[in-house]
Amino acid sequence: MASPEPLAPSGALAVPATGGRRSYWRKLSSHPFFWPGASLVTLVLLVALLAPEIAPHPYWQIYPNSGLGPTGGPLPPQWSLRGFFLGTDWLGRDVLSRLVWSARISLQVGIFASAISGAVGLLIGLVSGYFGGWVDMVLMRFTDIMMGFPFLFFLILVIALIGPSVEVIYMSMGLLSWQSIARFTRGQVLSVRRETYVDAAAAVGGSRSRIILRHIMPNIITPVVVLASLSISGNIIYESTLSFLGIGVPDPIPSWGKMVSGGLSYLMVDPTLVLFPILAISITTIGFNLLAEAFNATANPRSQRRGRR
Amino acid sequence: MKGKGLLIAVAGIVTLAMSFAAFGSSGAASAASSAFSSKAVRGGTLTVSYINDFATLDPAQWDDAQSLAAMQQIYDTLVEYKENSDQIGPGLAQSWTVSADNLTYTFKLRNAVFSNGHPVTAQDVDFSLSRVCQPGANSPYAGFSYSDIVGYSQLQQEPKTSAAYTSWNSKPMLLSGIKVLGPHSLSITLVHPEAYFLNDLALYVGAITDPAVVAKYGPQDKNNAYEEHAVGSGPFELQSWVHNQKLTLVANPKYWGPKPYLAKVVFLVGLSDQTQEEMFQKGQIQIIEEPDTAVYQYAMANPTLAKDYHTAPMNWVLYGYFDCSKPPFNNVYLRQALNYALDKPELIKVAVGGRGVVPSDGVLPPGMPAYQNTTEPYPYNVAKAKQLLAKAGYANGLSFKFYIPADTQDQSMADVIQQDWKQIGVNIQIVPVSTSIYWTQASPPATGGPQTSYDAGDAGWMQDYPDPSDFFSNLLTGSPAPGNASQIVYASSNEANYNNAQVDQLVNEANTLPPSQDQKRWQLYDQAQKIVEQEAPWLFEYFSLQDALVYPTVGPSNLNLYLHPIKQMQLQYVWVGK
Amino acid sequence: MTNYVLRRLGWVVVTLVGIMLINFIVMHLLPINYAKVIAGTHASAVTIHEIDVNYALDKPIWYQFLLYMRQLVTLNLGYSYQLHLPVTQMLAAAIPKTFYLAIVAVIFELAIGIPTGIWTSRHPGGALDSLVIAGSLVGVSLPTFAVGSLLLYIFSFRLGWFPLGGFAPLPHVGYVVLPALSYAITGAAYYTRLLRSAMLDIGDADYVRTAWAKGLSTNRVVMRHVFRNALIPMVTFFGLDFGGLLGGLLVTESIFDWPGIGAMTYRAIPVIDVPTLLGVVLFASFAIVTMNLIVDVCYAVLDPRISYS
């Protein structure tokens with residue numbers, strides 16, 4: 001399957017030149033999706049940060065005497081704070097604790113992977129767009145071929161050589177999903193380059209790095225950061241898919257994807273094993289996407305427009 | 001001496017009959033009469049579900065129980081286990097005699113034909129048995145089973161240019177110890193008497209193949225094409241094999257024995273747990289062999305299905321292994337510590353849903369003669385484990401990789417082991433490896449030297465026949481390599497690279513004693529077992545039962561047809577009713 | 001135009017070779033003795049050596065790669081290490097099944113996405129519009145395995161309308177509905193958003209206002225002018241979508257036991273069955289690259305302003 005790529009929303013991401021910061025904030029915060037999105041994201045962030053405190057049991061602890069009847073097996077939700085609030089999984093581990101720790105892992109992977117791919121994409125796009133010529137051509141062709149890169153196999157290779165870990169996963173994801181960020185950055189750099197003030201600075205004799213840092217970067221950094229942030233929810237989804245397929249974070253570290261794949265075998269015995277992690281994923285990614293939609297709409301008011309009949 | 005042959009044969013039968021009694025018919029007792037169909041029905045299709053695909057249908061490559069389940073329906077062997085027992089009876093050989101010195105067996109073949117109409121002749125038997133003995137064939141079982149046939153050792157010395165390598169598949173060099181006496185009679189001569197030779201002939205490495213069919217696939221069958229078109233003389237014939245999906249058999253109208261009730265048998269493989277559960281509930285699958293823990297728990301949670309669950313004893317040991325030939329596991333205190341740190345009853349309950357028993361003494365399961373019902377080796381004791389760990393020099397803990405075959409049950413087991421060992425500061429990284437790679441890499445090379453792929457991992461062994469030699473000779477011994485005494489040739493499934501001279505000596509002595517001295521043999525094996533327990537090359541896990549879910553439309557109610565400890569499934573006696 | 005197509009075809013070949021090379025190298029860097037895998041249990045050193053020679057595994061990577069390329073020309077993709085079957089044969093068996101699933105999935109996507117997208121673009125801001133926006137947001141937020149698991153739980157397990165998995169050829173449509181739907185829901189959500197946004201953008205364009213001014217009927221304006229131009233970004237996405245579908249569906253096929261390419265890949269990954277994986281990658285890359293070419297040609301057909309001469 002293809003490497004994780006951020007989905008660029010239609011339209012430009014640049015902060016509109018007119019109106020200034022305060023009106024931007026007012027537009028943003030009045031968007032119907034902003035507060036719901038922000039609340040959900042904050043909720044998940046809090047859960048992730050406080051996981052060690054709020055998890056009622058260690059996430060790896062097996063409780064062999066929990067379970068249905070003489071054969072053991074998963075315990076359904078107990079709805080009691082002293083027991084297993086959401087029940088246990090097939091090995092007798094507390095579902096709630098594992099859900100809560102998975103949030104921590106997912107956000108860790110999602111955010112770090114986005115940061116890395118953002119940094120790499122920014123660098124490549126900047127170099128490509130600024131220098132142009134054959135540097136540009138080579139980098140862009142390289143980007144094309146990297147789009148067909150076997151991310152899955154690369155991950156398997158790295159895991160076989162180093163061993164699976166959370167770090168390996170977000171670093172691999174970050175290092176292989178920069179392509180569309182690079183393209184976008186390049187586009188932004190090209191359009192900024194055409195601005196007369198850049199030529200003016202060059203004519204006056206400004207050094208290259210000064211031009212890049214002083215003039216180009218400030219104008220492109222915001223949209224690139226926004227684009228990279230939009231990829232967070234995509235990375236979270238990708239990590240959960242990898243874990244679902246069995247190539248994600250190693251045991252005993254929990255992940256929503258692993259909880260779903262293990263829970264499917266028990267669909268006919270205790271469907272909550274599948275439903276709770278899916279609910280958790282949904283809350284997280286919907287929250288991020290609501291925020292993304294709010295940002296997008298603020299930058300492109302056209303989607304709000306009333307059409308004609 | 002005269003009569004000795006008869007004595008050996010009788011002793012063998014008595015031993016087997018006694019071990020059969022140990023299996024018990026507890027299975028039959030637990031099957032309620034409504035759990036099976038009682039009215040025989042002709043025609044119909046039986047659908048059986050397995051988790052993994054079959055490994056092979058070629059006798060030259062056979063070494064696993066699941067492939068046996070399919071091969072048994074397609075092929076015959078010279079002799080076979082009788083319908084409901086462990087006694088050896090006629091197969092393709094209608095009758096046989098044994099010479100006075102117990103070295104020569106003379107067989108008279110019945111008039112049988114392969115499913116394609118070709119008659120089964122003595123030449124075909126010669127071809128089939130010689131073929132699997134060719135060094136080029138690399139059969140995992142031929143050495144274990146037929147190395148005592150005259151000519152076998154010479155065959156292994158053949159140069160790479162000889163037919164034994166270059167045309168091992170289509171034109172093997174025939175064993176000098178097998179003589180064709182007529183179209184339906186042949187003799188096999190051994191180098192020295194072997195008490196279990198007939199049992200070895202009943203192993204499916206000795207399944208009789210049709211040379212005309214086999215030879216079509218090239219002098220070396222480099223692409224394994226033969227097994228897609230396997231032809232035998234058994235009650236069913238192969239219709240098609242779609243790998244990783246479905247293997248289909250149809251009744252063989254030319255079969256020499258009682259005509260099977262079933263018209264068709266479909267083996268489905270690789271279905272997810274939930275799909276198996278749903279299809280079984282609807283009766284679309286009639287037999288689920290060795291159900292996953294999840295499927296088992298689903299069935300038990302459902303009163304209607306719980307009575308479809310059947311178990312039978314099986315000589316099957318599950319264990320973890322440590323590479324004893326090098327650090328860190330060449331340290332016995334470490335191995336013992338890790339054993340004390342594992343809560344075996346918890347493992348059985350949590351990972352396998354309770355379908356096992358604690359491994360008393362560690363090696364020989366309850367159905368084995370020489371089994372001693374003592375306490376479990378290394379009962380769970382965290383304090384003692386920590387003590388031994390410190391004594392081994394790892395007071396601050398240890399990390400290593402633990403390799404497992406990639407299926408849910410092994411994963412669950414590894415999760416429990418991981419958590420238990422965490423309590424004493426040992427952190428393992430679980431590395432699942434696909435089954436087709438795993439067993440290859442975990443076994444020591446046939447030419448000598450230790451297995452080098454996995455320092456620690458999970459394994460298991462199911463009996464070939466109920467004699468302790470089967471376990472010890474395959475799992476826990478080693479011998480000096482011919483021509484190079486300093487190098488050890490470890491037994492073919494000795495994943496632990498374990499080699500103890502005293503154990504070797506005890507086992508060798510016990511293996512060569514005749515069945516009349518069985519009591520002495522059991523003592524020797526038991527001594528060997530106690531040494532093994534003390535040295536702990538293994539993580540002793542549990543002894544497993546075998547089990548299956550059987551839909552009530554299937555009959556008859558004889559559990560041995562579905563859960564035989566040696567014969568897997570005997571589908572020619574099975575029907576599917578309404 | 002012909003020149004353009006020919007040049008593009010040239011690039012297709014180059015890209016494919018590049019992708020195959022990278023995949024090849026990555027797989028052969030893995031620390032696994034493939035000869036041992038092919039030989040099977042208990043193989044002697046002699047057999048392993050023979051296999052090394054037979055499969056050219058003892059030769060340097062560049063030699064193996066060239067050999068592979070040469071065999072590729074005759075459509076010989078080698079033999080699966082795991083199943084010892086010709087990869088071409090395995091692909092031939094698996095591709096039609098994935099194709100079947102992909103076509104049904106695309107039909108569902110378009111049948112749901114297009115009418116919804118058009119309808120909401122004509123009535124923006126209403127309650128139903130908000131509902132659709134919310135729904136499509138959720139659709140985009142859920143990973144495929146989550147949607148598949150939910151559909152499995154609700155429609156298969158609880159309601160019993162569809163089987164819990166498996167494959168059956170055409171007359172038995174019950175088996176294809178849920179797998180196709182689980183992929184299609186996300187896709188439909190994308191199409192809805194894309195179409196809605198594109199059509200709203202275009203609805204304001206000058207040439208559309210001219211059409212209104214000319215007094216053309218609503219339907220004609222919408223379908224002829226707006227929709228047709230909105231097709232362009234849609235076609236882009238469709239190209240990526242369908243191309244990716246054929247190569248992917250890993251997760252869907254594994255949840256629903258559907259024996260297509262995804263299942264083939266899923267089983268080949270843990271074994272690192274190199275010929276099978278290379279075969280799948282080749283096919284998937286080919287599908288994507290070809291779809292891109294077709295998409296670009298469609299551009300020229302749809303938009304007379306674009307010419308490639």
Side-chain angles (χ1 to χ4, degrees), chain A residues 1-2 7 9-11 32-33 141-142 144-150 152-154 156-157 160-161 233 236-238 240-241 244-247 256-257 260-261 263-264 267-268 271 274-275 277-279 281-290 292-293 296 300 302-309, chain C residues 15-16 18-19 22-23 26-27 29-32 121-125 130 133 137-138 140-146 149-150 152-153 156-158 164 190 193-194 196-201 203-204 212 218 233 244 247-251 254-255 262 265-266 269-270 272 277 281 284-285 288-289:
Chain A
M1 61 193 195
L7 177 77
S10 52
F33 287 170
R141 287 288 141 256
F142 173 61
D144 276 344
I145 293 194
M146 283 303 284
M147 284 188 136
F149 192 84
L152 264 183
F153 310 140
F154 180 77
I156 295 173
L157 167 69
L161 293 175
S233 82
I236 291 178
I237 292 184
Y238 201 74
S240 68
T241 306
F244 177 84
L245 291 174
I247 359 182
W256 292 322
V260 174
S261 79
L264 273 178
L267 192 66
M268 297 179 84
V274 166
L275 295 177
I278 289 184
L279 191 61
I281 298 177
S282 314
I283 291 176
T284 311
T285 51
I286 289 177
F288 275 99
N289 283 338
L290 283 173
E293 188 68 20
N296 190 25
N300 308 310
R302 276 170 296 177
S303 57
Q304 300 270 22
R305 196 184 302 252
R306 306 189 143 266
R308 282 164 214 273
R309 308 209 106 248
Chain C
T15 315
L16 282 181
I19 292 176
I22 294 182
N23 280 285
V26 167
M27 279 183 235
L29 284 178
L30 289 163
I32 293 190
S121 75
R122 295 192 54 201
H123 307 90
S130 307
I133 292 182
L137 192 74
V138 173
V140 165
S141 305
L142 286 178
T144 313
F145 72 83
S149 306
L150 281 176
L152 203 63
Y153 174 64
S156 234
F157 171 51
R158 282 253 99 123
L164 264 179
Y190 274 123
R193 287 154 61 86
L194 205 60
R196 180 183 179 282
S197 148
M199 285 188 66
L200 280 176
D201 282 353
D204 281 339
W212 287 123
T218 311
L249 287 177
L250 246 189
V251 168
S254 89
I255 295 184
T265 317
Y266 183 61
I269 287 176
I272 325 269
L277 291 174
V281 166
S285 315
I288 292 179
V289 169

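Since we're looking at a predicted model, the values are computed, not measured. A, B, ... follow the sequence lines: proteins, then strands. Residue 1 opens every chain.
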A.B. asks: Given the rule in the side chain to side chain contact (heavy atoms under 4.5 Å, CB included) test, do A/T241 and C/V251 qualify, once you have shown the distances and angles that lead to the verdict?
C.D. replies: CA-CA 8 Å; A/T241 306; C/V251 168; 3.4 Å; yes

A.B. asks: Side chain, backbone, both or neither: which part of A/L290 has a heavy atom under 4.5 Å from chain C?
C.D. replies: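 A/L290 touches chain C through backbone and side-chain heavy atoms alike.
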
A.B. asks: Please round to the nearest 0.5 Å and tell me the distance separating atom CG of C/L142 and atom OG of A/S240.
C.D. replies: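 One gets 9.5 Å once the value is rounded to the nearest 0.5 Å.
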
A.B. asks: Measure distances from A/I286 to the heavy atoms of chain C and classify the residue's part below 4.5 Å as side chain, backbone, both or neither.
C.D. replies: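 Both backbone and side chain of A/I286 come within 4.5 Å of chain C.
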
A.B. asks: Which heavy atom in C/F157 sits nearest to a heavy atom in A/L267, and how many Å separate them?
C.D. replies: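 The pair with the smallest heavy-atom distance is CE2-O, 3.6 Å.
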
A.B. asks: I'd like to know which of A/T284, A/V260, A/V274 tops the heavy-atom pair count under 4.5 Å against chain C.
C.D. replies: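 The residue among A/T284, A/V260, A/V274 with the greatest pair count is A/V260.
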
A.B. asks: Within a strict 4.5 Å, meaning less than it, do heavy atoms of the C/S149 and A/L264 side chains meet?
C.D. replies: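 Yes. Closest side-chain heavy atoms under 4.5 Å.
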
A.B. asks: Heavy atoms only: give me the nearest C/F145-A/G257 pair and the separation to one decimal.
C.D. replies: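 Scanning both residues, the minimum pair turns out to be CZ-CA, 3.9 Å.
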
A.B. asks: Atom CZ of A/F33 and atom CG of C/L137: how far apart are they, to the nearest 0.5 Å?
C.D. replies: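 Atom-to-atom, A/F33:CZ and C/L137:CG are 6.0 Å apart.
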
A.B. asks: Only counting residues at least two apart or in another chain, list the ones meeting ring-ring contact (aromatic ring centres under 6.0 Å, His included) with A/F288.
C.D. replies: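 Applying ring-ring contact (aromatic ring centres under 6.0 Å, His included) to A/F288 gives none.
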
A.B. asks: Going by heavy atoms in the side chains, are C/P143 and A/Y238 under 4.5 Å from each other?
C.D. replies: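 In short, these two side chains do not touch, never coming nearer than 4.5 Å.
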
A.B. asks: For residues A/I237 and C/V140, report the shortest heavy-atom separation together with the two atoms involved.
C.D. replies: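 So the minimum-distance heavy-atom pair works out to CD1-O, 4.2 Å.
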
A.B. asks: Is chain C contacted by the side chain of A/S233, its backbone, both, or neither, given a heavy-atom distance below 4.5 Å?
C.D. replies: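 Neither part, no heavy atoms under 4.5 Å.
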
A.B. asks: Can you list everything that forms a side-chain hydrogen bond (donor to acceptor under 3.5 Å, both in side chains) with A/S261? Sequence neighbours excluded, please.
C.D. replies: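 side-chain hydrogen bond (donor to acceptor under 3.5 Å, both in side chains) list for A/S261, sorted by chain: empty.
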
